[in-house]
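Structure, as structure tokens:
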Amino acid sequence: MTEAAKHYNPKEIERKIYEKWQPFFKVGKQKGKKTFIALIAPPNITGVLHLGHALENTMIDIMARYHRFKGDRVIWLPGTDHASISTQNVVEKKLKKQGLTRFDLGRKKFLEEVWRWRDQFGDLILEQFKRIGISPDWSRIRFTLDKEYVKTVEDAFIHYYKKGLIYRDDRAINFCPRCQTSLSDLEIDWRENNGNLFYIRYKIKAGSNEDLIVATTRPETILADVALAVSPTDKRYQKYLGEKAILPLVNREILIIADKRVDPNFGTGVLKITPAHSLIDYEIAQRHSLPMISVIDQEAKICNSLPEFNGLDWLEAREKIIERLKAIQALEKIEVYQHSLPYCERCGTALQVIPSKEWFLKMKDLAELAKAAVKQKKVRISPDRFKKVYFDWLKNVRDWCVSRKIWWGQQLPVWFCQNCLKNKSDVYKISRLKPQSNCNVCKKQNWSRTEEVFDTWFSSALWPFAILYSKKEQVWYPADIVSSARDIFHLWITRMIFSGFYFKGKEPFKKVFIHPTIMNKAGQRMSKSLGTGIDPIELVEKYGADVLRFGLIWQAQQTQDLRFNEDYFETGSKFANKVWNAVRFYQIFKDKNKESRADNGNLTKADQLILKDLKKTINLVEKKILNFEFSPALQSIYRFFWNRFCDVYLESSKTGKNNDKVLELVIFDSLKLLHPFMPFLTEQLWLNLGQKKLLFLQSWPETKTIDQFLKK
RNA sequence: GCCCGCUUAGCUCAGUUGGCAGAGUAUCUGGCUUACAUCCAGAAGGUCGUUGGUUCGAGUCCAACAGCGGGCACCA
């Protein structure tokens, strides 16, 4: 047996050990009848490992290693996400440094550029995953633009379409003037703003001198007003219903209507209706069959309006319109008003609500599927309080805009007739391949595929069955567990649930675990751009992978987000060293007492005590792991090993007549117990003890063996 | 605006059916005892956010308030 160093040094051993394990990560390498199937949240190809990834995947790795010990076949497939909008933006930023925009390159060359990026950097994050010791099957890496994956997504869209759940509509949506694309409600960053509330006077027609005052934050949109609305319960304005008001500056007549969405207590209780540039107004306009007039274009400039405003940027237009309103005495007053405004989550540009032709997925029935899944406990959400968040979101969910007008992504399987397009008429067919039939309208064949791409999340929503069903070799659907941070709960988790039920009639996973979000010490979100992010790989370099895992797990409590505290890595380092030295003690002790201390079959009180403690700890840890309570699990191992085994039992072994077999059992079982949490250290010690077969391939400690000892 | 969570030792956090307040870290005292000074033995440190209620008994249950965090809605 080799002389082990006095202190544990992770640096030299981690890579070597990982290589020894890696062949056994393969799915086919395990023979168990029961399976444990885990879904990885595929990181973006632009991604760099952050602490959240490290925590999330360490948790899954703990479960995976535990299940392997229990003899289960672990199926855990890694992969990456093409992440359309965020990847496009990253590559655009890179181009910007060379003074180029994507429009300079053109669509084709730009896409080549993105693919080059992906080939070069796309899998870097997976290499970083390896550094923290996680154990998915690396021979089965999936990417959301793989051929098979793309087909799954196209089939899903076509299937929805055939069932009438997909429709194309020209409607008010959130649009980023910089990214030049539509965005879903979930891709918006709302920021507090100090703005103004403008009180604008609209004259009532009917010859009277009466007028209605409207409070608005967006005076420039009066150019597109189609009505004024008041609350049906608002007595002040009942007499005006059905009358017409005159739009200032434009001098168009607009109807005065009543709608329940109007809050009589806000402003003057009169709301101007601009369906093209406000989501609420759009909804109200739909109810009252009002037309939609659009005066802001995709570049956030005024269009289709009075010549003096056309072409102005929306903010310039606002200034000018205020001036003009003042001039005609139509501006009653201006109040300071704090409210939040929508910005592009990816690039930070102020969004515009504008009408755009987009593809929508009807959410009503799908939301019901999702609700039923959790109500009937086919999918269990943990921690429990996220259930409420889940149901609340589904209750109010709007139809999902699944198309994007950016370049990088998966193109919709939609083909437009080019002839008809020239005549400004949209004739399209939905098909994976180019249609071979003639256009119904022009009777000619000139189909061209749309450049629109899918919302990445439409693609990610299909991840479970896209990867667990493919290749016919095996159906591994549904998975047992998926884990994510709360920020992609609706974006990803909820959508996987209804997609799974809709297409496979079955839940995509049995359990969802929402893990804490890692904040900095001040309780703020860590952000790469603000420089407040911490690179997990640097921590691996500094402390070793096991200690990183220890430190993250120790502080990740169930109930809330955690304020990242580097102190726990000191605790972890000390603990790793303690375990290292306890095993050294065992080795030295055994050698020294080879002859004099043979097993005499008797148990001392200390023996009995430590065995009972060991048994209790094994059961507790098992229970906690299954319940996602990783921190308490780790803490109970810590206390058992350090306080009861090292401080009490080992001390008594030095002087007393403890049973050597008990010492051996506790050492070996402790390594097994700790292995899912600190795999490298325990593996190295296992090998140091002269074991031929890897600890990775052992089984979970048996309490039966302990019972047999105790019976003696 | 509506909803949810959190508030416990200097710091970061545990505290599972209500029953003498815990850990890590930091601090102090004493020990290089041949596994580990990355250690051992011991000490100090808290009106459990505030106010009220239920109870023989409340960190734990209820109500209100405050501070912080989050979710939803919203260019009213």
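Because the structure is a prediction, the values reported are computed rather than measured. Naming convention: chains lettered A, B, ... in sequence-line order (proteins, then strands); numbering from 1 in each chain. The figures here come from the full heavy-atom set of this structure, side chains too, leaving out hydrogens, waters and symmetry mates.
- Taking a pair to require two hydrogen-bonding distances under 3.5 Å in either a Watson-Crick or a G-U wobble arrangement, U33(B) remains unpaired.
- U51(B) is paired with A63(B) under the Watson-Crick or G-U wobble criterion, all donor-acceptor distances under 3.5 Å.
- In this entry the distance linking CD of Glu566(A) with C1' of U25(B) reads 13 Å, nearest Å.
- Heavy atoms from other residues, nucleotides or ligands lying under 6.0 Å from CZ of Arg644(A) number more than 12.
- Counting atom types as modelled, Ser340(A) pairs a side-chain N or O with a base atom of C74(B) as donor and acceptor under 3.5 Å.
- With C40(B), C36(B), U16(B) as the choices, the nucleotide that has an atom nearest any side-chain atom of Trp642(A) turns out to be C40(B).
- Ring geometry for Phe513(A) versus Phe630(A): interplanar angle over 60°, hence perpendicular rather than tilted (30 to 60°).
- Counting distance only, with no hydrogens placed and no angle test, the side-chain atoms of Lys578(A) and the base atoms of C36(B) include a donor-acceptor pair under 3.5 Å.
- Across all strands, Val389(A) comes closer than 4.0 Å only to sugar-phosphate atoms, never to a base (heavy-atom distances).
- Taking atom P on both nucleotides, U8(B) is separated from C48(B) by 11 Å, rounded to a whole Å.
- Computed from coordinates, the Phe391(A) CZ to C72(B) P distance equals 16 Å when rounded to whole Å.
- A salt bridge links Arg287(A) to Asp259(A): one of the charged nitrogens lies within less than 4.0 Å of a carboxylate oxygen.
- Closest to the side chain of Lys388(A), out of G69(B), A35(B), C4(B), is C4(B).
- Among the heavy atoms of the strands lying under 4.0 Å from Asp647(A) are primed sugar atoms or P, OP1, OP2 only; no base atom is included.
- Take the nearest nucleotide of RNA chain B for Pro264(A) and for Pro632(A): the residue whose nucleotide is more 5' is Pro632(A).
- The side chain of Tyr638(A) sits closest to G24(B) out of G24(B), C75(B), G70(B).
- Nucleotides C11(B) and G46(B) place their P atoms 13 Å apart, quoted to the nearest Å.
- For C74(B), the OP1/OP2 oxygens have no side-chain nitrogen or oxygen of Arg218(A) closer than 4.0 Å.
- Aromatic ring centres of Trp393(A) and Phe489(A) lie farther apart than the 6.0 Å criterion allows.
- Of all nucleotides listed (C75(B), C13(B), C4(B)), C13(B) comes nearest to the side chain of Arg563(A).
- Picking from G24(B), A35(B), C36(B) the nucleotide with the shortest atom distance to the side chain of Asn577(A) gives C36(B).
- On the P atoms, C4(B) is 13 Å away from C65(B), given to the nearest whole Å.
- For Tyr568(A) against U12(B), a side-chain N or O and a base N or O form a donor-acceptor pair under 3.5 Å.
- G57(B) and C40(B) have their C1' atoms separated by 40 Å, with the value rounded to a whole Å.
- Dashed line: the shortest gap from a side-chain N or O of Trp580(A) to OP1 or OP2 of C39(B) is not under 4.0 Å.
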With a cut-off of 3.5 Å and sequence neighbours excluded, list every side-chain donor-acceptor pair involving residues 337-351 of chain A.
{"residue": "Gln338(A)", "atom": "NE2", "partner": "Asn194(A)", "partner atom": "OD1", "Å": "3.3"}
{"residue": "Tyr343(A)", "atom": "OH", "partner": "Asn193(A)", "partner atom": "ND2", "Å": "3.0"}

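- Across every strand in view, C56(B) sits in a pair with G19(B) that passes the Watson-Crick or G-U test at under 3.5 angstrom.
- Comparing the C1' positions of U27(B) and G69(B) gives a spacing of 31 Å, expressed to the nearest Å.
- Arg191(A) comes within 4.0 angstrom of nothing in the nucleic acid, heavy atoms only.
- Under the side chain to side chain contact (heavy atoms under 4.5 Å, CB included) test applied with Gln555(A), the options Thr571(A), Asn565(A), Asp567(A) reduce to a single match, Asn565(A).
- Using a 4.0 Å heavy-atom criterion, one finds that Trp314(A) contacts no nucleic acid atom at all.
- If you measure from atom CD of Glu570(A) to atom P of A26(B), you get 8 Å, rounded to the nearest angstrom.
- Geometric assessment of Arg549(A) against the ring of Trp554(A) yields a negative cation-pi assignment under the 6.0 Å and 45° thresholds.
- Across every strand in view, C68(B) sits in a pair with G5(B) that passes the Watson-Crick or G-U test at under 3.5 angstrom.
- For Tyr649(A) and Asp613(A), the side-chain atoms include no donor-acceptor pair closer than 3.5 Å.
- At a threshold of 4.0 angstrom between heavy atoms, the contacts of Val583(A) with the nucleic acid are absent.
- The nearest whole Å value for the distance from the CZ atom in Phe386(A) to the C1' atom in C6(B) is 13 Å.
- Rounded to whole Å, the distance from CZ on Phe266(A) to P on C74(B) is 14 Å.
- Asp189(A) places its CG atom 12 Å from the P atom of C72(B), with the value rounded to the nearest Å.
- A straight line from CZ of Phe550(A) to C1' of U25(B) spans 12 Å, rounded to a whole angstrom.
- Remark: ring of His339(A) does not overlap the six-membered base ring of C75(B) in a stacked fashion, as centroids less than 5.5 Å apart with planes less than 30° apart are not both met.
- Distance from the side chain of Asp392(A) is smallest for C3(B) among the nucleotides C75(B), U12(B), C3(B).
- Between C13(B), C3(B), C74(B), one nucleotide has an atom nearer to the side chain of Arg261(A) than all others, and that is C74(B).
- Taking atom NZ on Lys387(A) and atom P on G70(B), their separation rounds to 24 Å, with Å as the unit.
- Checking U12(B), C75(B), A37(B) against the side-chain heavy atoms of Asn565(A) singles out U12(B) as nearest.
- Note on His277(A): nothing from the nucleic acid sits closer than 4.0 angstrom, heavy atoms only.
- Taking atom C1' on both nucleotides, C74(B) is separated from C2(B) by 12 Å, rounded to a whole Å.
- Comparing Trp393(A) and Phe585(A) against RNA chain B, the residue whose closest nucleotide sits nearer the 5' end is Phe585(A).
- Under the Watson-Crick and G-U wobble criteria, each requiring two contacts below 3.5 Å, nucleotide C74(B) is left unpaired.
- For NZ of Lys371(A), the number of neighbouring non-hydrogen atoms (other residues, nucleotides, ligands) closer than 6.0 Å is greater than 12.
- Phe564(A) is linked by a ring-ring contact (aromatic ring centres under 6.0 Å, His included) to Phe569(A), counting only residues two or more places apart in sequence or in another chain.
- For A35(B), the base has a donor-acceptor partner in the side chain of Glu651(A) [N/O atoms by modelled type, under 3.5 angstrom].
- Separating the C1' atom of A9(B) from that of G22(B) is a span of 10 Å, rounded to the nearest Å.
- Arg385(A) has no side-chain polar atom (N or O) that falls below the 4.0 Å cut-off from OP1 or OP2 of C4(B).
- Closest to the side chain of Trp190(A), from the set C74(B), C72(B), C68(B), is C74(B).
- Dashed line: the shortest gap from a side-chain N or O of Lys574(A) to OP1 or OP2 of U25(B) is under 4.0 Å.
- Taking atom P on both G59(B) and C13(B), the two are 22 Å apart, rounded to the nearest angstrom.
- Side-chain nitrogen and oxygen atoms of Ser573(A) include none within less than 4.0 Å of the OP1 or OP2 phosphate oxygen of U38(B).
- If you check every strand for non-hydrogen atoms under 4.0 Å, Asp567(A) touches sugar and phosphate atoms only.
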